[in-house]
Amino acid sequence: MTSIPSLLVEQHDFFSSGSTKPLTSRKQALKRLKKAIVEREDAICDALYSDFKKPKFESLATETQMVLAELNHIINNVAFWARPKRVPLSLSNFPSRDWIQYEPFGQVLVISPWNYPFMLAMSPLIGAVAAGNTVVLKPSELSPATSKILDDIISEVFDAKHVAVVEGGVETSQELLAQKWNYIFFTGSTRVGKIVYKSAAAHLTPVTLELGGKNPCIIDASAPVKLAAKRIVWGKFINAGQTCLAPDYLLVHEAVKDKLVAALQHHIIEFYGEDVQASNDFARIATEGQYKRLKAMLNDGTLRFGGKFDDDDRYISPTLLENPSMDSEAMQGEIFGPVLPIFSYEKESDIERYIENYGRPLALYVFSNRKSFLKRILTRFSFGGGAINDTVIHITNKNMPFGGVGNSGFGGYHGKHSFELFSHKKSIVKKANWLDLPFRYPPYNMAETLIKKFKHLL
Ligand code: NAD
């Protein structure tokens, strides 16, 4: 196997040769990738099932089909996005033509997590290739079957000097991070995000950090409670709650709390049956470490539903916990599993006390029919993105950048935003030669009077 430094040299030479730049070859590469994914869609779903019993529909909807939709969108539009964009000229440069020209950064490192192991590896990779970069992908060691199929697909579609998968754990990741890259795209925990950022700083490498957070979900007394409960249950328990965007905890107005809890219970049973463990539509916890962490959350607060577990199956049932203490395991950090704490509030100011306890979240959800309330929530709190009257779905609109803010990371991607993220924007002024206004050249004489007179035009 090629060593990491040798792989980097090969990719460097390939990038320097200009081979990644022609748009036709970028599009052809992405079309080959699409074909390989379509051909192996069942095998990808099998790999996801083998990693954490991910239900097939969820694998199709949140992994393969999301990636294929992203591929189609990028293949169809990349040529347009990549065109230099004329901008209005500045009068001080008159006469000139001014434009922004996109160029690939060069060598990109993508490090991905285990929770959506196919989609979160492929999605940034596609953007980086579309923008004309080489890529090394380091998928998670905690979803080994999916990492293996990622490697199979990438090595079939790409020459390693263009795109390569390097499998391995923390040490491999650290060896990769010790190299000099032109861009690093990391998805994972805030803790590791800080390590990545520090390594990148040593080489002044730009980074995108897609991190986690504690996502609040607010249910106002005016909300359609039954529908809200249905959408919350879906967004919370898809992927068994192992979703960076999942609602982490609920803040519900006291007046509708009991109605909401009853509706949540109803929809959990409706979706997964009385015996959730027997349902084919509910995933397992991906690793032993995560399982133990989540199991420890079940003992604090009033159990309003679930609380069941099975060590041999890494199964934690959908669980509703009312009022766990703020220093409980569940409220210390991101839950990232099928445990849903519920708190009630009477005054709007109570909401702030909860949300401000944590850093800026990746997502915020609010269910309400009151415009003024919605406006106050959206302007009062900073968060990566979110939804009104639903959960999680904003990730599916490829016209919007997906990403965090503050503690939940920085940099947004998907569709055009991915292309732009992985491109350096060069600003070019092409000065005409038929006129050369004298004012900027010494001796300045009249220049001071002129600059004051025409300052509003500059
Ligand atoms: P993680 O940070 O433990 O691992 C992510 C990647 O970093 C893996 O490939 C891993 O091998 C590598 N890594 C782990 N420790 C490292 C170290 N010390 N040095 C260098 N590399 C290291 O994250 P995870 O457990 O795989 O994923 C869960 C986290 O990811 C959650 O916090 C979740 O919110 C977040 N997440 C965020 C998004 C998003 O888009 N914002 C999406 C999915 C997951």
Side-chain angles (χ1 to χ4, degrees), residues 4 51-52 62-63 66 70 109-125 127 136-144 146-147 150-151 165-179 181 184-200 202 207-215 238-248 285-291 293-294 332-337 358-364 383-386 392 394-396 400-414 417-418 421:
I4 287 172
D51 280 334
F52 57 106
T62 68
E63 307 258 8
M66 261 187 87
E70 177 81 351
L109 171 64
V110 173
I111 300 179
S112 57
W114 53 262
N115 65 324
Y116 285 79
F118 187 76
M119 188 266 286
L120 291 172
M122 279 294 183
S123 204
L125 182 148
V136 169
L137 165 68
K138 209 298 281 171
S140 175
E141 69 282 18
L142 303 178
S143 43
T146 311
S147 294
L150 281 164
D151 190 10
V165 172
V166 174
E167 286 192 71
V170 174
E171 279 173 20
T172 307
S173 191
Q174 288 178 344
E175 189 184 349
L176 286 163
L177 286 169
Q179 316 297 316
W181 300 91
I184 299 176
F185 187 103
F186 172 79
T187 309
S189 61
T190 302
R191 181 184 68 82
V192 180
K194 289 178 185 171
I195 297 172
V196 171
Y197 202 17
K198 209 169 169 183
S199 312
V207 291
T208 291
L209 299 178
E210 297 284 342
L211 311 177
K214 218 162 162 57
N215 307 322
I238 193 169
N239 220 37
Q242 301 163 109
T243 303
C244 55
L245 281 176
D248 190 282
I285 305 307
T287 68
E288 196 56 32
Q290 293 289 336
Y291 174 76
R293 192 180 61 79
L294 289 161
Q332 281 297 296
E334 184 186 18
I335 292 175
F336 219 56
Y358 307 98
R360 297 175 181 185
L362 183 61
L364 180 147
F383 51 94
V392 179
H394 59 292
I395 192 178
T396 61
M400 304 199 286
F402 171 68
V405 59
N407 244 31
S408 52
F410 48 83
Y413 74 125
H414 285 172
H417 303 282
S418 282
L421 186 88

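Predicted model only: the values in this text are computed from it and were never measured. Order of listing sets the numbers, starting from 1, for every ligand and every atom in it.
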Donor-acceptor pair, side chain of Asn215 and main chain of Ala246, under 3.5 angstrom: yes

Of all the non-hydrogen atoms in the protein, which one sits nearest to atom 27 (O) of ligand 1, and at what distance? Pro113 CB, 3.4 Å

Do the side chain of Ser143 and the main chain of Asp51 share a donor and acceptor less than 3.5 angstrom apart? no

For Glu210, the atoms of ligand 1 under 4.0 Å from one of its heavy atoms are 37 (C), 38 (C), 39 (C), 40 (O), 41 (N)

For ligand 1 and Thr187, I'd like to know whether there is a polar contact (N/O to N/O, distance under 3.5 Å). no

Does the protein come close to atom 4 (O) of ligand 1 - that is, does one of its heavy atoms sit below 4.0 Å from that atom? no

Nearest neighbour in protein (non-hydrogen) for atom 7 (O) of ligand 1: Phe186 CE1, 3.4 Å

Ser408 side chain to Arg360 backbone, donor-acceptor under 3.5 Å: yes

What part of Ser112, side chain from CB on, backbone N/CA/C/O, both or neither, has a heavy atom under 4.0 Å from ligand 1? backbone

Check: Phe118 main-chain N/O paired with Glu63 side-chain donor or acceptor under 3.5 Å: yes

In the protein, which heavy atom is nearest to atom 24 (P) of ligand 1, and how far is it? Trp114 NE1, 3.4 Å

Looking only at protein heavy atoms, what sits closest to atom 2 (O) of ligand 1 is Ser189 OG, 2.7 Å

At a 4.0 Å threshold, what atoms of ligand 1 neighbour a non-hydrogen atom of Asn115? 43 (C), 44 (C)

I want to know if ligand 1 touches Leu211 in the polar sense, i.e. an N/O pair below 3.5 angstrom. yes

Ligand 1 N/O within reach of Lys138 N/O, cut-off under 3.5 Å: yes

Taking non-hydrogen atoms only, is Ile195 closer than 4.0 angstrom to ligand 1 via side chain, backbone, both or neither? side chain

Can you find a heavy atom in the side chain of Glu70 that is under 4.5 Å from one in the side chain of Ser418? yes

Main-chain N/O of Pro113 paired to Ser140 side chain as donor or acceptor, under 3.5 Å: no

Heavy-atom contacts with Ile111 under 4.0 Å: which atoms of ligand 1 show up? List them by number with element. 6 (C), 7 (O), 9 (O)

Return the minimal non-hydrogen interatomic distance between Ala200 and Val207, and the atom names on each side. CB-CG1, 3.3 Å

Please give me the minimum heavy-atom distance between Leu245 and Ala363, naming the atom from each residue. CD2-CB, 3.7 Å

Hey, is the main chain of Ile335 close enough, under 3.5 Å, to the side chain of Arg293 for a donor-acceptor pair? yes

Could you tell me whether Tyr116 approaches ligand 1 through its side chain, its backbone, both or neither, with non-hydrogen atoms closer than 4.0 Å? neither

Return the closest protein heavy atom for atom 32 (O) of ligand 1 as residue, atom name and distance. Glu334 OE1, 2.7 Å

Residue Glu141 vicinity, atoms of ligand 1 by number, heavy atom under 4.0 Å: 10 (C), 11 (O)

Looking only at non-hydrogen atoms, find the nearest pair between Ile395 and Met119 and report the distance. CD1-CE, 4.3 Å

With a 3.5 Å distance limit and no angle check, can you tell me whether Asn239 reaches the backbone of Asn115 through a side-chain donor-acceptor pair? yes

Of the protein's non-hydrogen atoms, which lies at the shortest distance from atom 35 (C) of ligand 1, and what is that distance? Gly188 O, 3.1 Å

Under a 3.5 Å distance rule, please check whether Lys138 uses its side chain to pair with a backbone N or O of Leu109 as donor and acceptor. no

Below 4.0 angstrom from a heavy atom of Phe336, which ligand 1 atoms are there? Numbered from 1 as shown, please. 28 (C), 31 (C), 33 (C), 34 (O)

For Phe402, the ligand 1 atoms whose distance to one of its heavy atoms is below 4.0 Å: 40 (O)

To which of Val192, Leu209, Thr208, Ile395 does the heavy atom nearest atom 22 (C) of ligand 1 belong? Val192

Below 6.0 angstrom between ring centroids: does that apply to Phe410 and Tyr197? yes

For ligand 1, the portion of Leu120 having any non-hydrogen atom under 4.0 Å away: side chain

Just going by heavy-atom distances, which of Gln174, Arg191, Lys198 is nearest to atom 19 (N) of ligand 1? Gln174

Going by the angle between their ring planes, with limits at 30° and 60°, are Trp114 and Phe336 parallel, tilted or perpendicular? perpendicular

Determine whether Val136 and Ile4 make a side-chain contact, defined as any pair of heavy atoms from C-beta on separated by less than 4.5 Å. no

Closest non-hydrogen protein atom to atom 42 (C) of ligand 1, residue and atom name please, with distance? Cys244 SG, 3.0 Å

Heavy atoms only, cut-off 4.0 Å: how does Leu362 contact ligand 1, side chain, backbone, both, or neither? side chain

Starting from atom 12 (C) of ligand 1, locate the nearest protein heavy atom and write down its residue, its atom name and how far away it is, to 0.1 Å. Ser173 OG, 3.9 Å

